[in-house]
Asker: 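To start, I am sharing the structure in question, which I have written as structure tokens.
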Number of protein chains: 2
Amino acid sequence: MSDPIRTRRGPYAKSAERRQQIVEQAYRAFATRGYHGSSLREIAAASGISLSTLQHHFATKEELLITVLTRRDQQGHGTVSGQEGLPFREHILAQAAANEGVPGLIALYSILSAEAVTPEHPGHVYFAERYDALREEYEAEFAALRAQGRLRPGVEPALAATTVVALWEGVQLQWLYAPDRVDAGAALRAYLELVIVPQRDEP
Amino acid sequence: MSDPIRTRRGPYAKSAERRQQIVEQAYRAFATRGYHGSSLREIAAASGISLSTLQHHFATKEELLITVLTRRDQQGHGTVSGQEGLPFREHILAQAAANEGVPGLIALYSILSAEAVTPEHPGHVYFAERYDALREEYEAEFAALRAQGRLRPGVEPALAATTVVALWEGVQLQWLYAPDRVDAGAALRAYLELVIVPQRDEP
DNA sequence: GTCTATATCGGGATAGAC
DNA sequence: GTCTATCCCGATATAGAC
């Protein structure tokens with residue numbers, strides 16, 4: 001059996017590599033100028049290829065956006081997943097700190113989630129589902145804390161979940177405008193400490 | 001002295017009226033599709049005039065955006081300004097409730113503030129200054145509360161100010177995605193009640 | 001897989017008649 | 001003040017050679 005593409009390490013190897021380059025540059029573009037504000041030409045140029053080549057790998061701009069979003073999702077989850085045992089509060093703070101370390105990641109979600117508010121936006125469904133999932137996940141965490149008697153009385157898990165998601169996004173947006181004047185982690189931490197009762201062996 | 005425009009109620013009356021119409025439609029467009037996603041043609045059509053006429057009143061798209069933002073600012077402040085004596089907490093909640101009653105207002109600020117994160121965006125300076133002003137204003141309010149002993153111990157006025165602004169914006173964004181599942185006012189109220197100690201004569 | 005060339009469309013801005 | 005017509009640009013997308 002002769003292999004017509006034996007010069008590559010594997011079939012589609014070059015394609016996969018190219019796609020990754022393109023996704024990386026698209027991510028930078030979307031994160032700074034949003035979806036409407038970015039052009040395929042600019043992304044192609046940044047990737048060092050022609051517009052047509054980009055379009056050979058991603059048929060439409062929309063397909064590229066979806067790829068960027070889902071790709072970043074997987075990477076994002078991987079960042080902190082090595083520390084599964086962390087309690088909720090530390091888990092969130094670790095995630096927030098990790099996000100700040102990934103250039104453009106915060107901007108990507110902040111800009112696109114606002115741009116995609118209108119239902120016609122190609123990213124609308126993605127963000128609608130993302131918010132739902134985040135709220136559900138955090139609500140479960142808060143509910144578990146309450147079951148352990150570690151939630152301040154009067155705090156509603158559902159409302160607290162919405163609040164954490166909102167606070168996180170909102171403080172990140174302000175941080176993008178004034179990184180030196182806004183401390184996203186501190187704001188998040190202060191809220192969680194206000195809402196979660198410390199364990200006995202904690203200070 | 002003959003008046004060449006005596007058929008109007010006053011000089012520039014028609015212009016002012018036209019400008020207001022245009023601003024109104026531009027506001028709707030920017031609030032749903034953002035700045036980049038909206039076109040002058042579409043705004044002109046919605047205003048019932050031609051593109052050229054719109055451009056006669058607003059030389060550039062950027063000028064139109066700035067006008068929309070500052071115009072809405074004045075109207076927004078006017079809404080609740082009749083109740084100057086309200087304490088901080090009620091003032092914020094009243095403002096939030098009022099905002100929800102103005103269709104598109106929340107979307108306008110949410111979408112544009114995220115889109116304008118990049119310094120090249122024509123609205124960037126406006127939002128940077130707006131965030132600074134909001135944080136300063138709220139910080140002063142929290143500081144005043146602390147002076148009265150009505151701030152929960154450990155709560156930093158500056159951080160609380162950032163938090164309120166972030167929470168407000170973030171919860172509004174979620175509300176735009178799922179108006180039936182997110183209660184912006186409740187989230188804001190819950191946070192403020194967590195942070196502000198009730199007065200003696202309050203429940 | 002990658003390119004050049006081109007089609008087609010829609011954007012903002014301009015010129016000039018009325 | 002308002003319009004039609006047009007310019008010029010940049011956008012996505014397509015065709016087809018190599």
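Just so we're clear, the structure is a prediction, and the values are computed from it rather than from any experiment. Naming convention: chains lettered A, B, ... in sequence-line order (proteins, then strands); numbering from 1 in each chain.
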Asker: Please determine, for the side chain of B:Arg18, which listed nucleotide (D:dA13, C:dT14, D:dT2) has the closest atom?
Answerer: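 Selected nucleotide: D:dT2.
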Asker: Measure from CD on A:Glu17 to C1' on C:dT2 and round the result to the nearest Å.
Answerer: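 For the pair A:Glu17 CD and C:dT2 C1', the rounded distance is 15 Å.
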Asker: Classify the side chain of B:Ser52 and the base of D:dT4 as holding, or not holding, a donor-acceptor pair under 3.5 Å.
Answerer: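 Pair found.
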Asker: Quick one: A:Gln55 CD to D:dG16 P, roughly how many Å, whole number?
Answerer: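 The answer, rounded to whole Å, is 16 Å.
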Asker: Could you give the NZ-to-P distance, from B:Lys61 to C:dT14, as a whole number of Å?
Answerer: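 Rounded to the whole Å, the gap is 15 Å.
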Asker: Looking at C:dG12, does its base get a donor-acceptor pair with the side chain of B:Arg41 below 3.5 Å?
Answerer: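 Flag set: donor-acceptor pair detected.
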Asker: Using only side-chain N and O atoms of A:His56, determine if any of them is under 4.0 Å from OP1 or OP2 of D:dT14.
Answerer: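 For A:His56, the contact criterion (side-chain N or O under 4.0 Å from OP1 or OP2 of D:dT14) is not met.
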Asker: Hey, are B:Arg89 and B:Glu141 close enough for a salt bridge, meaning a charged N less than 4.0 Å from a carboxylate O?
Answerer: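 Salt bridge absent between B:Arg89 and B:Glu141.
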Asker: Between A:Gln174 (side chain only) and B:Thr162 (backbone N and O only), is there a donor and an acceptor less than 3.5 Å apart?
Answerer: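 Side chain of A:Gln174 to backbone of B:Thr162: a pair is present.
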Asker: Which part of the nucleic acid does A:Ile49 contact within heavy-atom distance under 4.0 Å: base, sugar-phosphate only, or nothing?
Answerer: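 It contacts sugar-phosphate atoms only.
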Asker: Given atom CG of A:Leu64 and atom C1' of D:dA11, what is their separation to the nearest angstrom?
Answerer: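 Computing the A:Leu64:CG to D:dA11:C1' distance gives 15 Å.
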Asker: Select one nucleotide: of C:dG12, D:dC3, D:dA11, the one nearest the side-chain heavy atoms of A:Ser39.
Answerer: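 Comparing C:dG12, D:dC3, D:dA11 against the side chain of A:Ser39, the answer is D:dA11.
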Asker: For the residue pair B:Arg72 and B:Phe30, would you count it as a cation-pi contact if the rule is NZ or CZ under 6.0 angstrom from the ring centre and within 45 degrees of the ring axis?
Answerer: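 Pair B:Arg72/B:Phe30 does not count as cation-pi.
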Asker: Under the 6.0 Å and 45° cation-pi test, does B:Arg150 pair with B:Phe88?
Answerer: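 Geometry flag: not set, cation outside 6.0 Å or 45°.
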Asker: Tell me the interatomic distance from A:His36, atom NE2, to C:dG11, atom C1', rounded to whole angstroms.
Answerer: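 Atom-to-atom, A:His36 to C:dG11, this comes out as 13 Å.
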Asker: Please report, rounded to the nearest Å, how far the P atom of C:dG12 is from the CG atom of B:Leu40.
Answerer: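 Rounded to the whole Å, the gap is 4 Å.
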Asker: Hey, does the side chain of B:Thr53 come within less than 4.0 Å of D:dT2's phosphate (OP1/OP2), counting only N and O?
Answerer: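 The answer is no; no side-chain N or O of B:Thr53 sits under 4.0 Å from OP1 or OP2.
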Asker: Please pick, from C:dT4, D:dC3, C:dG12, the nucleotide with the shortest atom-to-atom distance to any side-chain atom of B:Leu51.
Answerer: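 For the B:Leu51 side chain, the nearest candidate turns out to be C:dG12.
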Asker: Donor-acceptor pair, B:Arg152 side chain versus B:Leu194 backbone, under 3.5 Å?
Answerer: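 Checking the backbone N and O of B:Leu194 against the side chain of B:Arg152, a donor-acceptor pair under 3.5 Å is found.
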Asker: From CZ of A:Phe58 over to C1' of D:dT14, roughly how many Å is that when rounded to an integer?
Answerer: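 Rounded to the whole Å, the gap is 19 Å.
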Asker: Whole-Å distance between C:dG12 P and B:Leu54 CG?
Answerer: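 The distance from CG of B:Leu54 to P of C:dG12 comes to 10 Å, rounded to the nearest Å.
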